[in-house]
Amino acid sequence: MLRLNRLNEKVWNFFASVDLAVALFIVISIGAAAGTIIPQQVEPEATIRFFSKFLPLSISMNVYEIVSLLDLNNVYHSWWFTFLLFMFALNLIVCSIDRLPLLIKSFKTPPRMIESQSLEKMPGKHEVELSSSHKLLDKLTNILKRRGYSIFTFNGNKNIQIHCRKWSKTRLAVYLTHLSILIILSGALIGTFFGFRGSMNIIEGTGSNIALSDDGRPIYLPFEIVCDRFEVEFYENSAVPKAYRSYVRLIENGQTVKIKGKENFIIEVNQPLTYRGITFYQATYGFQPAGHAEFRFTFFDKSGKEYKINSHFEEKFKIPESSVTASVIDFSPALGVDEQGKLFNMDTNMINPAVLVEFEHSGKKSHQWILARIPESWDTPFGKLKFNELWGAQFTGLQIRRDPGVPLIYTGSILLCIGLFICLFLKPSTYFIELKDDKISFFYPSSKGAIIMEKEIDKIIQELKGEKDK
Amino acid sequence: MSYQTIAIAGFIYMLSMPVYIVYILTKSKKIGYAATGILSAGAGIHTYGFVQRFKEMYEINQSFLRSIPVTNLYESLVFFVLCLVTGYLLIEWKYRKKSLGVLVSIIAGITISLTELLGISKEVQPLVPALKSNWLLAHVTLSFVSYAAFGISFITALLHIITETENKKSFKYIFSTVLMGLMFFMFASAVIDTATASNPKTVRMFHSTLGNPSLLVSILSWISLIAIATVCWKYGDLIKRILYGFKIDAQFLEDITYKAIAFGFPVFTIGGLVFGAIWADQAWGRYWGWDPKETWSLITWFVYAFYLHSKFIRGWRGTKISMIAVFGFLVTIFTYLGVNLFLSGLHSYGSM
């Protein structure tokens, strides 16, 4: 029985030790660092290719065996990394349970008078002599109280001893910090078990309620998300996107969803949309013409009257108030001109969308490129035809997520910050004062922060002297 | 253009280095004031360049909060230097001790010349949509303030090891003196590299010294690197004597190391990790994704957590924990530069 207790104690002490914490800091760091160098979650070939850059091929194959055995190509989800994080959490819990009660007990037990000899042995000492000791104790007590100290006074035979403490409760902040890390870890755990992440690509003008999870499984959403419109703005004369946004609606049980009276929502980068715990993030976009894609024009007649014209690819449409018919026979998302003056497509992004329109006027055919961004190209022999956009040819790439652990993560983060600031900026300070006749001696128990302590003591002495002059 | 102003500031920082050296050798008060004056002038011009850059960005972005120039690798390197120099000048003013200025001006000089030598784009670039967030300001500025604090702790920790280690054959002594020698060499090399740069595109780090096309120059450079390191190793106790002459003792160095980390660590936690996580949560839909930058930030955090725990709980004293502080800053540099240069990831705005 005794042996079992001793073993228990050993195990407990092992988990309560700072040495374990430090060892975990090191091992977790090394593991995590390995994960940033070895390619993660890729095909075996990619890993072998990575190693064959600096090792012969045959050895790379063997290295791959080791890598896959230890999950080094999927470090952050591997059993051993999870185990290390679990140990880290356990270490935090046990170490707090081990130390916290002692600390709380120390707050509750009143201090006892200390022998003068032990005071003399303390590393810091400061002595002053004041000419008159009239009401010195009262003055000193007032000053200390005003400076925020809690004080304990003891009357000895020849001397008076005062214990001064300030911010001593801030020692608890360490445990607040530890607790906050545990909250963050539990938030992460909840997210892993009860949340999901996925992505969905929706072509302009369509909707979907199926997303693809990161590991390739379909996720069925309880509602449908419809993308009515998707637009990208580019910086002038550049292929750098300035902003891109999806105009979406949500449809649940055949009804359009209203949130705060609104039913049309905009999803932008850094501006996600959340409904029923599921959050949609704007992630990517791309060019993907669909069957329903529509070329949208505005025609201006000679009097300046506007006509909206929508047409599909190779579908004939009439130029208003004329016998001319026209149709779109080619499209380029980014029309450019090369050095020989030939037209070519520069990009798959809609940087400079253009359509080739074929006009047919009393049996005669003519062609003209109309560019959405170049007003000069809108003038045709039959009037001004402005190309607005090709609708239904881009998809919006949305990232979706449900993570019930996020509130815990935020709470933990805030507590972590508060805890750290208290820990590192509000240092507890303790010192002892001994009054003997006209002599006041200050003692402080550690040489750490001696400079600050000296300054503080100087101020107290000055106040003491100042008070005397009054 | 703002980058020209900042280049001038960088030149002035470099100029202050020899003046600080003359000061610690001669102990002349006048030269001390001159050194501080030059470094402060550099910081003043740098601040002007910063404001200039802000205006240039404001013309493009038309938004106050999104025009603070901390949006790419160049701007962040430069901002780091500004924080480092300002932080150092505050310490100099508070403690009336100037001799750390040599190493501060060396780090400032090397960093500014890196922006020339790594071929980093210095143009004002329009913001990509992912960076259009107010978290950008909070996340990036606080991160770099903490990096600067870690930089200062690195300097004092390095000096602490050099002055406090008796055994010249111990690993920490050899490591720190060689590291210091390497810093001196890099500084000199960076000055020559920048001075002889004719075509900015062909400029590389060490192109005029270690990597010189002429074999002779290259070998001579290697020899001088080894020579500088050996001198630092051999005359480490001289540094100790000099610093003691300025009333900079082990206690002071240890105190400043601790204070810089005690300031930098919570700022890094809030700005780097927490704000970063919140922003990632809003922009990418996850607060943590083991992206190389995130992972290395966590490692940095662990190293400094290690420092604080060894100091307070295990009661480590002296040069042992100063080694952790030195190592911590090397990890910080990797988190900041190494990840952008060698590893790919989502924080690629920082790339070249």
> Looking at A:Y244, A:F280, A:Y410, which makes the most heavy-atom pairs under 4.5 Å with chain B?
A:Y410

> Which bit of A:F425 comes within less than 4.5 Å of chain B, counting heavy atoms only: side chain, backbone, both or neither?
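Looking at A:F425, just its side chain touches chain B.
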
> Would you confirm whether the ring centroid of A:Y76 sits within less than 6.0 angstrom of the ring centroid of B:W288?
no

> CG/B:L308 to OG1/A:T177 distance, rounded to the nearest 0.5 angstrom?
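Taking CG in B:L308 and OG1 in A:T177, the distance rounds to 10.5 Å.
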
> Considering only heavy atoms, which portion of A:R99 lies under 4.5 Å from any heavy atom of chain B: side chain, backbone, both, or neither?
side chain

> A quick test of your reading: do over 12 heavy atoms of other residues, nucleotides or ligands sit less than 6.0 Å from CZ of A:F194?
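Result for CZ/A:F194: open.
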
> So which residue, A:V269, A:V174, A:V406, ends up with the most heavy-atom pairs under 4.5 Å with chain B?
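Going by pairs under 4.5 Å, I would pick A:V269.
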
> Using 4.0 Å as the upper bound for N to carboxylate O, is an ion pair formed by B:D281 and A:R401?
yes

> Which atoms of B:F263 are under 4.5 Å from chain A, going by heavy atoms: the side chain, the backbone, both sets, or neither?
both

> Which bit of A:A32 is near chain B, if near means a heavy-atom gap under 4.5 Å: side chain, backbone, both or neither?
both

> Looking at A:A21, A:P272, A:P241, which makes the most heavy-atom pairs under 4.5 Å with chain B?
A:P241

> What residue in B:F306, B:Y287, B:W301 has the most heavy-atom pairs under 4.5 Å with chain A?
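Most heavy-atom pairs under 4.5 Å with chain A: B:Y287.
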
> Are more than 12 heavy atoms, taken from residues, nucleotides or ligands other than B:F64, located less than 6.0 Å from that residue's CZ atom?
no

> Would you name the heavy atoms of A:F25 and B:H309 that are closest together and state the gap between them?
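Looks like CE1-ND1, 3.9 Å.
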
> Measure up the A:F88 and B:F302 rings against each other and bin them: parallel (under 30°), tilted (30 to 60°), perpendicular (over 60°).
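A:F88 vs B:F302 ring planes: perpendicular.
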
> Are there more than 12 heavy atoms of other residues, nucleotides or ligands under 6.0 Å from atom CH2 of B:W93?
no

> Walk me through whether A:F81 and B:W290 qualify under ring pair (Phe, Tyr, Trp, His ring centres under 6.0 Å).
CA-CA 12 Å; A:F81 198 76; B:W290 298 107; 5.2 Å; yes

> Please report the closest heavy-atom contact between B:Q282 and A:Y281, naming both atoms and the distance.
O-CD2, 3.3 Å

> Considering only heavy atoms and a distance below 4.5 Å, find which of A:I400, A:L420, A:L416, A:I26 pairs most often with chain B.
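Heavy-atom pair counts peak at A:L420.
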
> Tell me which of these, B:A277, B:A283, B:G285, has more heavy-atom pairs under 4.5 Å with chain A than the rest.
B:G285

> Under a plain distance cut-off of 3.5 Å, with no hydrogens placed, do A:N270 and B:W135 share a side-chain donor-acceptor pair?
no

> To the nearest 0.5 Å, what is the distance between OG1 on A:T36 and CD1 on B:I299?
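Going from OG1 on A:T36 over to CD1 on B:I299, the span is 6.0 Å.
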
> Within the supplied structure, the quantity of interest is the number of heavy atoms (other residues, nucleotides, ligands) at a distance under 6.0 Å from B:K97 NZ; does it exceed 12?
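Yes, because the 6.0 Å sphere around NZ of B:K97 holds more than 12 heavy atoms from other groups.
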
> Can you say whether A:T279 sits under 4.5 Å from chain B via the side chain, the backbone, both, or neither, judging by heavy atoms?
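When you check distances to chain B, no heavy atom of A:T279 falls under 4.5 Å.
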
> Under a 4.5 Å heavy-atom cut-off, does chain B meet the side chain of A:I184, its backbone, both or neither?
neither

> Could you tell me whether the side chain of B:K132 and the main chain of A:A243 form a donor-acceptor pair under 3.5 Å?
no

> What parts of residues 265-274 of chain B touch chain A if we use heavy atoms and a cut-off under 4.5 Å?
B:F265, B:P266, B:T269, B:I270, B:V274

> Of the backbone (N, CA, C, O) and the side chain (C-beta and beyond), which part of A:F234 lies under 4.5 Å from a heavy atom of chain B, both, or neither?
neither

